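Step one of this worksheet: look at the structure below.
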Amino acid sequence: MNLQCVKKYDMGGKIGYTHSCNCRLKDKDGMFFVYSSGGGADPGEELIRFKGFEDVILKMFDIDGNLLWEKTLPDGVLPGVWFVPALAFDMDKDGVDEIYVLNNYGAPFSFMHRKLERLDAMTGEITGSWQWPWNTFNERMSLAYRYYIVAGYAHGEPVLVTCQGTYANMYLQGWNNNMEPRWEIAIMNEDGGPKASHVTPVIDINDDGVDELFWGERILSLDDGHQLVCLAPDYVGHSDLIAPYLHPEKDDDWFIFTCREGDERPDQKRVYVFKPDGTVVWSAVDVGHMHTAWLANIKGEKEGTYRKISMSMKETFVPDDEGFNHEVTGVFFHDAYTGEEVDFQLPYPGYKVLPFDLNGDGYHEFFVTDESGRGDILDCEGNKIAHIDECGAYRFGKMLDLPGEQIMVANGTCFEIWADLDAEDGEVMKRRYKRPYLRFMNKLMATGYNSEGTQVACTI
């Protein structure tokens, strides 16, 4: 293991709320940040607090850490992933990404002044502006201000998707590369069925040349917005996470992992694995809000073999004088293919670690987020193999053209990317990245909670 800081992006001051994504520039890659030196806001009525908010600033660096431009957004823009989603995507097919960001020129909760804006990735110049839909105007605040910007391809043509709503009425709009409307759908609360998750995988799961958007426990076509399948039409709650992954030996045999919040009925488990046609492979846990989850590869029973496991954490929100006390009431490990309970032991609780494949060997390492061991990196058996001082975890994945996966951390005034310079991509890693899904998801890391959990640790 030769863990080194290989890239730095200096924010020029205190790091607070931030999300970022990879971006393709003219002659190299770049790294785009939506940044604030203060805290972030969640639109939940019991969660939003204004103390500590600072301006939201857009910053574009080339991949080597040179600042290309920065832009301060108006004071109506609240820092927070639901208020200001962003995306890097090449809609005009010139080989260079544009930046799409949700801006607001009015008061913090304005509808009429909220705009989808397109920026030149090289200069930050605004090259287009469109009214953001008002369709959640009559919702309560927690439901009204949950916005996403995602993208993908339909038969090689880029499609941008704007989305509003998560827990009740949900609205999605597809846009062609000239930003003319392509399609529009509404999924109403009274229609029943699952609500959206906080992550948005986009992948061509059926190999028909059209990407699909995983919208909660629904799979939607980016071509025309139609629903290919609703995995659980009798479930009316919300999926906190959904992640597709493949059979360990077959490149076309998909599984879909999800964990749930809400609709706690006796016939509705809290953790499910489906096939893409909605067939249930296995389910587990009878009651509770499954708030955090991931998938990871650990060692199998035989030398040189792999086993994929899932972790899901159950918690309750108990009101207190500070807002909520998050009380963890269960941590569960299962074999991702069979649902068999797994006795998996780490020095820290499963929800206090995040998986990534640092050295490229196909097994996942774990980054510790717990205060008592923050910055520790464990191998898949729980042995400490490295440490990064004074940092907080931020993003994982193959962000750079290097073997293995990398980790981005906040450290002082900088975001740093750390890599194992001795990493070598083995057969599992090569198969994992054979499909474009995981590399493409780096462009979607500044929308929703895509940068968290298992969005970069699944598929293989």
Side-chain angles (χ1 to χ4, degrees), residues 17-21 32 34 40-44 56 77-89 91 97-104 111 114-118 130-137 139 141-153 158-175 179 181-189 194-203 211-222 225 227 238-243 258 261 395 437 440-453 455:
Y17 169 76
T18 311
H19 50 274
S20 77
C21 62
F32 175 69
V34 181
D42 186 293
V56 176
V77 178
L78 292 175
V81 70
W82 305 117
F83 288 106
V84 57
L87 172 78
F89 192 54
M91 283 284 281
D97 287 337
E98 303 88 51
I99 298 297
Y100 295 85
V101 64
L102 182 56
N103 205 345
N104 176 24
F111 278 83
R114 208 169 293 270
K115 308 289 185 183
L116 172 66
E117 290 189 337
R118 181 183 62 207
W130 300 270
Q131 177 67 50
W132 190 256
W134 289 39
N135 46 38
T136 57
F137 183 84
E139 305 276 9
M141 191 170 72
S142 183
L143 308 182
Y145 295 96
R146 296 191 182 270
Y147 303 135
Y148 306 71
I149 309 171
V150 297
Y153 295 91
V159 180
L160 187 78
V161 183
T162 50
C163 319
Q164 307 86 39
T166 299
Y167 296 108
N169 297 329
M170 302 180 293
Y171 307 86
L172 299 92
Q173 306 86 36
W175 303 81
M179 290 306 293
R182 182 184 181 105
W183 52 262
E184 182 173 0
I185 62 171
I187 304 170
M188 308 308 289
N189 193 42
K195 303 304 179 279
S197 77
H198 292 315
V199 298
T200 55
V202 175
I203 184 171
D211 284 337
E212 284 81 43
L213 167 63
F214 287 69
W215 186 249
E217 295 179 36
R218 302 173 190 266
I219 301 177
L220 307 177
S221 167
L222 261 66
Q227 179 175 284
H238 160 76
S239 315
D240 260 7
L241 179 137
I242 189 162
T258 186
E261 169 189 354
R395 274 179 62 192
Y437 165 62
F440 179 75
M441 283 300 295
N442 275 312
K443 297 180 182 295
L444 275 63
M445 287 289 143
T447 195
Y449 287 154
N450 286 335
S451 63
E452 303 184 16
Q455 291 308 100

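If you read the sequence from its start, that first residue is 1, and numbering goes on from there. All values derive from a computational prediction rather than experimental measurement. Scope of the values below: all heavy atoms of this structure, side chains included, with no hydrogens, waters or symmetry mates.
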_Residues T162 and W132: side-chain donor-acceptor under 3.5 angstrom_ = no

*Mind checking what makes salt bridge (charged side-chain N to carboxylate O under 4.0 Å, His left out) contact with K443, not counting sequence neighbours?*
D97

*Nearest atoms (heavy-atom pairs only) where A196 meets W215*: CB-CE2, 3.4 Å

*Is the side chain of H19 donor-acceptor paired with the backbone N or O of N450 at a distance under 3.5 Å, no angle test?*
no

*Residues two or more places apart in sequence or in another chain: which of them pass salt bridge (charged side-chain N to carboxylate O under 4.0 Å, His left out) with R182?*
D223

*asked:* Show, in sequence, the C-alpha distance, side-chain angles and deciding distance for V202 and F214, and conclude whether the side chain to side chain contact (heavy atoms under 4.5 Å, CB included) test is met.
replied: CA-CA 6 Å; V202 175; F214 287 69; over 6 Å; no

*So, for L102 and V84, which heavy atoms are closest and what is the spacing to 0.1 Å?*
O-CG2, 3.4 Å

_Minimum-distance pair of heavy atoms, taken over all atoms of A144 and F111_ = CB-CZ, 4.2 Å

*asked:* Using the rule given for side chain to side chain contact (heavy atoms under 4.5 Å, CB included), can you reason through I203 versus F440, listing the C-alpha separation, both sets of side-chain angles and the distance that settles it, and then say yes or no?
replied: CA-CA 9 Å; I203 184 171; F440 179 75; over 6 Å; no

_CZ on F83 to CZ on R114, rounded to 0.5 Å_ = 7.0 Å

*Which pair of heavy atoms, one from W183 and one from S221, lies closest together, and at what distance?*
CZ2-O, 4.1 Å

_Let me confirm one number: the CD-CD1 distance from Q173 to I149, rounded to the nearest 0.5 Å._
11.0 Å

*asked:* If I take atom OG from residue S451 and atom CG from residue L444, how far apart are they, to the nearest 0.5 angstrom?
replied: 11.5 Å

_Pairing residues for W130 by the side chain to side chain contact (heavy atoms under 4.5 Å, CB included) criterion, not counting sequence neighbours_ = L116, R118, M179

*Just how far is it from atom CD of Q131 to atom NZ of K115, taken to the nearest 0.5 Å?*
4.0 Å

_What's the separation between atom CD in E117 and atom CG in N104, rounded to the nearest 0.5 Å?_
10.0 Å

*Report the residues that fulfil side chain to side chain contact (heavy atoms under 4.5 Å, CB included) with A86, sequence neighbours left out, ordered by chain and then residue number.*
F32, V34, V101, A446

_Before we go on, tell me: are the rings of Y171 and Y147 under 6.0 Å apart, centre to centre?_
no

*Is the closest side-chain heavy-atom distance between L222 and Y153 below 4.5 Å?*
no

*What do you reckon, are the aromatic ring centroids of Y100 and W175 less than 6.0 Å apart?*
no

*Please step through side chain to side chain contact (heavy atoms under 4.5 Å, CB included) for the pair N189 and K195, ending with a clear verdict.*
CA-CA 8 Å; N189 193 42; K195 303 304 179 279; 3.2 Å; yes

*Name all residues meeting the salt bridge (charged side-chain N to carboxylate O under 4.0 Å, His left out) criterion together with E217; count only those two or more places apart in sequence or in a different chain, and write none if there are none.*
R260

*Over all atoms of both residues, closest heavy-atom pair of L87 and V150*: CD2-O, 3.8 Å

*asked:* Testing the basics here: between C163 and L172, what is the closest heavy-atom pair and its distance to 0.1 Å?
replied: SG-CD2, 3.8 Å

_Sequence-distant partners of R218, salt bridge (charged side-chain N to carboxylate O under 4.0 Å, His left out), two or more places apart_ = none

*Go through I185 and L220 one step at a time and tell me if the side chain to side chain contact (heavy atoms under 4.5 Å, CB included) criterion holds.*
CA-CA 10 Å; I185 62 171; L220 307 177; 4.0 Å; yes

*Looking just at side-chain N and O atoms, do T136 and N169 make a donor-acceptor pair shorter than 3.5 Å?*
no

*What distance separates E261 CD from S239 OG, expressed to the nearest 0.5 Å?*
9.5 Å

*Between H198 and Y148, is the gap from one ring center to the other below 6.0 Å?*
no

